[in-house]
Amino acid sequence: MLFSTPPIWYDTRMNERVVHVAPADIEKTSFSIIAQELREKHISLPEELASVIMRVIHTTADFDFAETMRFSPHVLEIIKKAIQSGADIITDTNMALSGINKKTLARFGGEAHCFMADETVAQEAKSRNVTRAAVSMEKASEIQKPLIFAIGNAPTALVELCSLMEKGFKPVAVIGVPVGFVNVVAAKEMIMESGVPYIVNEGRKGGSTVAAAICNAILYELSRER
């Protein structure tokens, strides 16, 4: 994937190390820098995955994602077709929910949901001594639409999804990129072994912004394809 570098000018009134880029060109310039640094690191991304991985790098400024993200076969095609058919996206944080381009999703007939702040979810989680993330996955599974899960914070959400799938629940795909130390790696491995189409970042890294970035990369591609 090639990116041309937009015009850059320097403000002589400030330190020469400060590069000034037109606001409309900042993102394009960032992607040009990412592409250049990937070449310098001798990292070649699969063409069909490059837009997703590069947007995650753009969001995090972390090039480790170029080597740790894992995609099940045809997962992007599966997710795109589901979105085009009106699938909804379920997140485990309001941060991820706020970051997803809901306007673009709505153009295809889909909505984004997060049930973490739902009072009934909080009460149920407290009464059962389980996490709200687990209960919110249960609640989401009751939606009678194709569902894509974008999990960026709670490994217990991934564990619960695996349990629901064992009982017959069939999500379209799971984006499993929680960040942290407790059960994060194990939960991601469970998703990759579950048979569900997945996008997972191996290891401890991830986060709500990563989950949203992956969703948006796919939505942006769909917008260009229309």
Side-chain angles (χ1 to χ4, degrees), residues 59-60 70 72 75 78-79 82-83 85-103 105-106 109-216 218-219:
T59 298
T60 61
R70 302 291 178 258
S72 63
V75 64
I78 290 167
I79 293 175
I83 290 174
S85 298
D88 285 1
I89 296 175
I90 309 296
T91 77
D92 64 328
T93 66
N94 282 304
M95 180 183 293
L97 178 67
S98 66
I100 292 171
N101 190 326
K102 292 175 283 296
K103 184 176 180 180
L105 182 62
E111 296 180 73
H113 309 272
C114 178
F115 299 113
M116 290 293 286
D118 189 291
E119 186 59 32
T120 60
V121 167
Q123 292 174 358
E124 179 73 10
K126 185 176 181 179
S127 67
R128 289 164 49 189
N129 195 28
V130 297
T131 67
R132 285 185 294 166
V135 177
S136 69
M137 295 301 104
E138 294 177 358
K139 184 176 178 67
S141 70
E142 297 171 359
I143 297 175
Q144 298 301 305
K145 289 186 69 176
L147 301 176
I148 299 158
F149 288 81
I151 308 302
N153 184 68
T156 54
L158 297 184
V159 174
E160 182 60 31
L161 284 173
C162 288
S163 177
L164 290 167
M165 286 187 283
E166 289 176 356
K167 299 172 184 175
F169 177 57
K170 295 183 178 180
V172 169
V174 175
I175 298 168
V177 290
V179 60
F181 298 92
V182 180
N183 294 326
V184 167
V185 173
K188 291 175 179 178
E189 290 174 350
M190 288 174 66
I191 287 296
M192 289 190 286
E193 294 167 1
S194 69
V196 71
Y198 65 80
I199 300 174
V200 165
N201 186 64
E202 288 189 329
R204 294 170 170 173
K205 292 183 180 181
S208 297
T209 55
V210 174
I214 293 169
C215 292
N216 286 338
I218 296 169
L219 289 167

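Taken from CG in Leu161 to CD in Glu138, the straight-line distance is 10.0 Å, to the nearest 0.5 Å. One distance of note links CD of Glu193 with SG of Cys162; it measures 9.0 Å at 0.5 Å rounding. For the atom pair CD1 of Ile199 and CE of Met192, the computed distance is 12.5 Å after rounding to the nearest 0.5 Å. Here the straight-line distance linking atom CZ of Arg132 with atom SG of Cys114 works out to 9.0 Å at 0.5 Å rounding. Here CD1 of Ile218 is found 13.0 Å from CG of Asn101. Values are rounded to the nearest 0.5 Å. Distance CD1/Ile175 to CD1/Ile191: 11.5 Å, rounded to 0.5 Å.
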task: Might you work through the side chain to side chain contact (heavy atoms under 4.5 Å, CB included) test for Val121 and Met116, ending with a clear yes or no?
output: CA-CA 7 Å; Val121 167; Met116 290 293 286; 5.7 Å; no
query: What do the steps show when you test Ile89 against Leu105 for side chain to side chain contact (heavy atoms under 4.5 Å, CB included), and what is the final call?
result: CA-CA 9 Å; Ile89 296 175; Leu105 182 62; 4.0 Å; yes
field: Working for side chain to side chain contact (heavy atoms under 4.5 Å, CB included), residues Val179 and Val210
entry: CA-CA 9 Å; Val179 60; Val210 174; over 6 Å; no
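Listed for the Lys102 side chain is a donor-acceptor partner under 3.5 Å among the backbone atoms of Ile100. Put simply, the side chain of Lys188 gets close to the backbone of Pro178: a donor and an acceptor are under 3.5 Å apart. Using a distance-only test at 3.5 Å, with no hydrogens or angles considered, a donor-acceptor pair links the side chain of Asp92 to the main chain of Ala154. With hydrogens and angles disregarded, a donor-acceptor distance shorter than 3.5 Å links the side chain of Gln144 to the backbone of Glu142. Side chain of Asp118 to backbone of Ser136: no donor-acceptor contact under 3.5 angstrom is found. In terms of modelled atom types and a separation under 3.5 Å, the side chain of Thr131 and the main chain of Ala134 share a donor-acceptor contact.
Considering only heavy atoms from C-beta on, Glu189 comes within 4.5 Å of Val185 through its side chain. Leu219 places a side-chain heavy atom less than 4.5 Å from the side chain of Ile83. Lys167 places a side-chain heavy atom less than 4.5 Å from the side chain of Ser163. Residues Met137 and Ile151 meet the side-chain proximity criterion, which asks for heavy atoms closer than 4.5 Å. No side-chain heavy atom of Leu158 sits less than 4.5 Å from a side-chain heavy atom of Tyr198.
The minimum heavy-atom distance between Leu147 and Ala140, with the atom names listed, is CD1-O, 3.2 Å. Of all heavy-atom pairs between Ser72 and Pro197, the closest is OG-CA, 3.3 Å.
Listed by chain and number, the residues in a side-chain hydrogen bond (donor to acceptor under 3.5 Å, both in side chains) with Asn94 amount to none (sequence neighbours excluded). For Arg204, the salt bridge (Lys or Arg N to Asp or Glu O under 4.0 Å) criterion is met by no residue, not counting sequence neighbours. With sequence neighbours excluded, the residues forming a salt bridge (Lys or Arg N to Asp or Glu O under 4.0 Å) with Lys145 are Asp88, listed by chain and number.
Residue-environment remark: CE (Met95) stays at or below the threshold of 12 foreign heavy atoms within 6.0 Å.
Results of the side chain to side chain contact (heavy atoms under 4.5 Å, CB included) test with Ser208 over Val177, Thr91, Thr93 single out Thr93 as the only residue that passes.
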